[in-house]
Protein chains: 4
Amino acid sequence: MKLSEKKSLKKKEQILLSAVKIVNRHGYDGATMEEIAAELLMTKGSLYYYFKNKGDLMYQCHNLILSKAIDELKEHINEEDSAEEMLRNMIITHIDFAIEEQETFNLITRPYHTFNKEQLQEVLKLRKNYSGLFDQVIEKGLSSKAFKIKEPIIARMFMLGSMNWIQQWYNPDGRLSKKELQKIFGDYMIKLLK
Amino acid sequence: MKLSEKKSLKKKEQILLSAVKIVNRHGYDGATMEEIAAELLMTKGSLYYYFKNKGDLMYQCHNLILSKAIDELKEHINEEDSAEEMLRNMIITHIDFAIEEQETFNLITRPYHTFNKEQLQEVLKLRKNYSGLFDQVIEKGLSSKAFKIKEPIIARMFMLGSMNWIQQWYNPDGRLSKKELQKIFGDYMIKLLK
Amino acid sequence: MKLSEKKSLKKKEQILLSAVKIVNRHGYDGATMEEIAAELLMTKGSLYYYFKNKGDLMYQCHNLILSKAIDELKEHINEEDSAEEMLRNMIITHIDFAIEEQETFNLITRPYHTFNKEQLQEVLKLRKNYSGLFDQVIEKGLSSKAFKIKEPIIARMFMLGSMNWIQQWYNPDGRLSKKELQKIFGDYMIKLLK
Amino acid sequence: MKLSEKKSLKKKEQILLSAVKIVNRHGYDGATMEEIAAELLMTKGSLYYYFKNKGDLMYQCHNLILSKAIDELKEHINEEDSAEEMLRNMIITHIDFAIEEQETFNLITRPYHTFNKEQLQEVLKLRKNYSGLFDQVIEKGLSSKAFKIKEPIIARMFMLGSMNWIQQWYNPDGRLSKKELQKIFGDYMIKLLK
DNA sequence: TATGAATGAGTGTTCATTCAT
DNA sequence: CATGAATGAACACTCATTCAT
């Protein structure tokens with residue numbers, strides 16, 4: 001890879017991070033190319049050198065965060081730990097993303113409104129990937145008899161839903177710290193699965 | 001009340017229902033006055049005869065659905081039934097709304113973006129009202145020793161979150177019918193609380 | 001004239017007075033049919049029974065006030081009084097109208113924008129009429145050698161302009177009362193003409 | 001300053017001049033962004049690149065003309081000339097602006113309707129500035145005993161009013177040329193003040 | 001590469017006007 | 001006579017997108 005290409009990639013990433021910030025603040029629709037560019041002291045025209053259009057940029061934002069989350073989740077999956085341990089770690093990660101990344105992690109309302117066909121396909125693939133990791137661990141728990149549950153898929157969606165909702169009500173200055181919350185949610189999940 | 005006033009109220013309701021439909025389709029921001037009017041074979045100008053502005057219309061949509069939901073929930077609360085029975089019924093109702101009403105019931109992302117100050121205040125009041133009904137039943141279950149749980153508020157949010165998420169993945173043609181889903185969710189909730 | 005016609009005329013006058021009030025408050029463009037009607041607890045649709053359109057109503061407002069002013073001016077013109085006395089009285093009247101009637105008496109900026117061709121013609125006739133009364137008195141003063149001035153028409157416009165401007169700066173709570181103002185303006189006018 | 005900035009400023013000025021033309025033709029309310037843009041073969045969207053909104057543009061129009069007028073007035077104020085000479089020159093300038101710039105110079109009816117709070121404040125400051133220059137010269141005439149007048153502020157408003165009115169009746173093809181008019185008005189003013 | 005500038009389609013809102021009842 | 005209701009044209013404003021330099 002040439003130096004110039006490297007530079008370009010770096011810039012692209014910078015823009016992406018700036019965009020993520022704005023999207024988390026104002027949502028996909030509320031984010032304007034102007035504001036994203038301003039964050040980096042650029043002009044909106046320049047964004048089109050790196051991204052085909054707004055949709056593309058938005059898609060890559062979501063993709064970036066989602067991929068990051070997948071990577072972090074994978075780190076918790078291994079042979080040594082028990083299903084319960086792994087799941088508790090995954091819950092911590094998910095809640096971290098839900099609270100910290102807000103909108104871009106939001107496994108969005110009406111994704112077909114924000115993304116085009118190809119993007120949507122890719123997004124759905126990633127999400128399947130993401131959910132699959134949870135399924136995998138639940139499956140492991142089931143085969144080791146640690147968990148007992150009839151509809152594991154529904155249970156997984158049940159769990160993810162409850163965690164995604166956190167961003168609607170979480171208050172950093174609230175009675176419970178993020179850590180305590182993660183602990184409680186872990187407990188509930190385990191209780192649910194056992 | 002005069003006949004003409006009745007008629008006007010009816011029209012207002014018609015518009016509201018039409019708006020709810022559009023909002024459920026495209027979200028609050030995506031809904032245009034034009035499309036809402038077109039649904040009723042009117043012109044957008046006419047909408048302003050009944051509603052002060054788009055914000056007002058959107059607010060009343062949300063208010064309408066939320067109030068309906070509250071009313072239905074209340075029907076399930078009484079002295080005879082056990083906390084478990086009541087809760088199961090409430091879950092059925094909530095899932096019905098989440099699936100059927102989609103966006104307008106969606107206990108929205110960034111409500112302060114969609115609603116103005118006064119509207120927001122009213123909306124938050126209604127939501128508190130709504131959640132309060134769940135809290136009430138959980139409380140009853142706790143005092144009758146039917147439920148055992150340490151953080152009832154968190155549990156309630158856990159439950160509501162999992163149900164709100166349903167609209168993201170529910171597929172009417174899927175393996176499980178809505179009814180089956182409601183049953184399973186009920187079971188999970190009870191397991192969680194016991 | 002039939003009773004019904006009399007009634008209709010009365011209603012027309014009521015509307016006119018209401019319209020004058022609104023116009024004085026918001027200007028010709030700023031006045032809305034809605035507000036004018038509301039002032040009389042009517043609905044705007046009804047106004048069209050009495051007036052062809054907004055332009056017509058606006059025109060008749062101006063016409064009404066202007067005619068009233070002409071009538072009052074005429075009362076000051078007679079054989080006995082000196083030109084100076086008559087002029088002083090006319091100044092008092094003019095200033096009264098300028099301050100009290102504001103916009104409707106405003107011998108308007110861009111009348112061709114507010115009025116149509118025929119209306120404009122009529123308005124210009126009335127205004128000529130109005131100015132003519134001042135000219136008449138100035139003429140009288142000139143022939144009686146009470147006044148000495150070379151360009152009486154210009155002088156008259158000079159005088160009217162200075163008085164019309166009063167409504168831009170007059171403050172009822174200011175240092176000078178309306179009466180004092182009228183006196184001072186009278187003095188200045190006489191000084192100018194002598 | 002960079003070349004591009006200079007260019008931008010120039011464009012801004014062009015737009016301003018175009019806007020002034022349109023406003024003089026149709027008034028502040030009557031001027032549409034569309035028409036202003038069309039005058040320069042632009043589309044209205046482009047105007048918003050240079051001005052925040054219509055109010056801003058309108059304000060800057062008025063500000064521009066008023067500032068220009070103040071500058072020209074100031075050129076007539078100096079130590080050598082007599083108060084009378086200076087005043088005659090100022091009258092010429094004022095009448096020039098009143099006739100040539102019409103609406104934008106019009107020391108407007110209901111400015112609080114056209115301008116927002118901050119703009120209004122600035123406008124009023126400029127106007128005070130403007131009137132103050134006249135007051136200054138009158139004051140000078142009074143202290144040199146060239147003028148004798150009891151209420152100099154009222155006299156100044158008397159004078160400005162008479163001149164502002166000129167734009168209502170001035171006809172370039174009339175009996176008197178602008179120059180002759182300016183001479184006559186000067187004479188009247190001096191007569192008034194002496 | 002980056003930018004300044006321009007565009008045009010879209011959207012909410014206002015309001016005079018019309019008309020059946 | 002009066003009204004409720006509907007209309008449609010007009011207008012300010014936003015914003016993604018384009019493109020010459």
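Letters go in sequence order (proteins before strands), and every chain restarts at 1. The basis for the numbers below is simple: all heavy atoms, side chains too, and nothing from hydrogens, waters or symmetry mates.
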(request) Would you mind checking if K10(B) and E13(B) are paired as a salt bridge, meaning a charged N to carboxylate O distance below 4.0 Å? (result) no
(message) Could you tell me how far apart I36(A) (CD1) and dC15(F) (C1') are, to the nearest whole angstrom?
(response) 12 Å
(request) Look up atom CD in E34(C) and atom CG in L47(C), then write down how far apart they are to the nearest 0.5 Å. (result) 9.5 Å
(message) Go nucleotide by nucleotide along DNA chain F from the 5' end; which of G55(D) and M42(C) gets its closest nucleotide reached first?
(response) M42(C)
(request) Return the value, rounded to whole Å, for the distance between atom CE of M33(C) and atom P of dG4(F). (result) 16 Å
(message) Any heavy-atom pair between the side chains of M42(A) and Q14(A) that's under 4.5 Å?
(response) no
(request) Grab the NZ-C1' distance between K52(A) and dT18(F) for me, whole Å please. (result) 15 Å
(message) Below 30° counts as parallel, above 60° as perpendicular, anything between as tilted: where do the rings of F115(A) and H62(A) land?
(response) parallel
(request) Sort by first number and list every stem of DNA chain F: at least 3 consecutive Watson-Crick or G-U wobble pairs, both distances under 3.5 Å. (result) E:2-21 with F:2-21
(request) Looking only at non-hydrogen atoms, find the nearest pair between F51(D) and L16(D) and report the distance. (result) CZ-CD1, 3.6 Å
(message) Looking at R110(B) and E103(A), is there a salt bridge between them, counting it only when a charged N and a carboxylate O are closer than 4.0 Å?
(response) yes
(request) Tell me what A31(D) touches on the nucleic acid: a base, only sugar-phosphate, or nothing, going by heavy atoms under 4.0 Å. (result) sugar-phosphate
(message) Under 4.0 Å, counting only non-hydrogen atoms across every strand here, what does S8(C) touch: a base, just sugar-phosphate, or nothing?
(response) nothing
(request) Side chain of N53(D) only, please: which of dC13(F), dA16(F), dT18(E) is the nearest? (result) dC13(F)
(request) Just call it for S46(A): base, sugar-phosphate, or nothing, with non-hydrogen atoms closer than 4.0 Å on any strand. (result) base
(request) Tell me which of T43(C) and K44(B) sits closer to the 5' end of DNA chain F, going by the nucleotide each one is nearest to. (result) T43(C)
(message) Ignoring hydrogens, what is the shortest heavy-atom contact between P111(C) and L120(C)? Give both atom names and the distance.
(response) CB-CD1, 3.7 Å
(request) Name the closest nucleotide to the Y50(D) side chain, picking from dA6(F), dA2(E), dA6(E). (result) dA6(E)
(message) Could you report the tightest heavy-atom contact between H26(B) and A31(B), atom names first, then the distance?
(response) CB-N, 4.0 Å
(request) Measure from NZ on K12(B) to C1' on dA5(F) and round the result to the nearest Å. (result) 14 Å
(message) Taking the nucleotide of DNA chain E with the nearest heavy atom to each, does E34(B) or D29(C) sit closer to the 5' end?
(response) E34(B)
(request) Starting at atom CD1 of I15(A), determine the distance to atom C1' of dA2(E), rounded to an integer number of angstrom. (result) 11 Å
(message) In whole Å, I'd like the distance from the OH atom of Y48(B) to the C1' atom of dT13(E).
(response) 5 Å
(message) Distance check needed: dA5(F) C1' versus L47(B) CG, whole Å only.
(response) 12 Å
(request) State which of dA16(F), dG4(E), dT14(F) makes the closest approach to the side chain of Y49(D). (result) dG4(E)
(request) Whole angstrom is fine here: how far is it from NZ in K54(D) over to P in dA12(F)? (result) 5 Å
(message) Determine whether a donor-acceptor pair (one donor, one acceptor, N or O, separation below 3.5 Å) exists between the side chain of K7(B) and the base of dG4(F).
(response) no
(request) Under 4.0 Å between any heavy atoms, over every strand shown, what does K11(B) touch: base, sugar-phosphate, or nothing? Just pick one. (result) sugar-phosphate
